[in-house]
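Notes for the one structure printed next.
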Amino acid sequence: GAAVRLAAGRGARLADLDGRELAGIHPALAEVDLAVLDVDGSLTAKVTPGSTNPAMVAGQLATLWERAAAARAWSTVHRPHLDLGIED
């Protein structure tokens with residue numbers, strides 16, 4: 001919270017703070033990988049299933065496309081047998 005207040009007070013982003021400033025807030029912050037403080041670095045750092053990591057999102061989209069294709073194929077085969085109340 002202190003880092004956010006410091007950055008906001010300057011009209012800056014967290015990524016604009018340097019290691020010295022972060023260490024002044026808390027010594028453990030001196031070891032922070034500053035790359036995770038910007039949007040791209042933050043997204044990339046998240047690697048859990050369902051996270052916003054671009055690679056994880058790409059995998060989720062690939063799964064979605066596969067399942068949608070399977071559903072389309074199934075519906076194409078079974079539509080003649082279904083009464084959907086839709087006239088061709």
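Positions are given from 1 along the sequence. Atom set for the values below is all heavy atoms of this structure, side chains included, hydrogens, waters and symmetry mates excluded.
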Using 0.5 Å steps for rounding, measure from the [atom1] atom of [X] to the [atom2] atom of [Y].
X: Asp16; Y: Arg10; atom1: CG; atom2: CZ; result: 9.0 Å
X: Asn53; Y: Gln60; atom1: CG; atom2: CD; result: 9.5 Å
X: Leu14; Y: Asp38; atom1: CG; atom2: CG; result: 10.0 Å
X: Thr52; Y: Leu43; atom1: OG1; atom2: CG; result: 4.5 Å
X: Arg20; Y: Ile25; atom1: CZ; atom2: CD1; result: 11.0 Å

Can a donor-acceptor pair be found, under 3.5 Å and without considering hydrogens, that links the side chain of Ser42 to the backbone of Val39? no
Keeping the roles fixed (side chain from Ser75, backbone from Arg72), state whether a donor-acceptor pair exists under 3.5 Å. yes
Could you walk me through whether Leu22 and Leu37 satisfy the side-chain contact (heavy atoms from CB on, under 4.5 Å) test, starting with their C-alpha distance in whole Å, then the side-chain angles of each, then the deciding distance to 0.1 Å, before giving a yes or no? CA-CA 11 Å; Leu22 292 171; Leu37 297 180; 3.9 Å; yes
If you take all heavy atoms of Glu21 and Leu6, which pair is closest and at what distance? CB-CD2, 4.2 Å
Taking all heavy atoms of Lys46 and all of Ser51, pick out the closest pair and write down the distance. O-OG, 3.1 Å
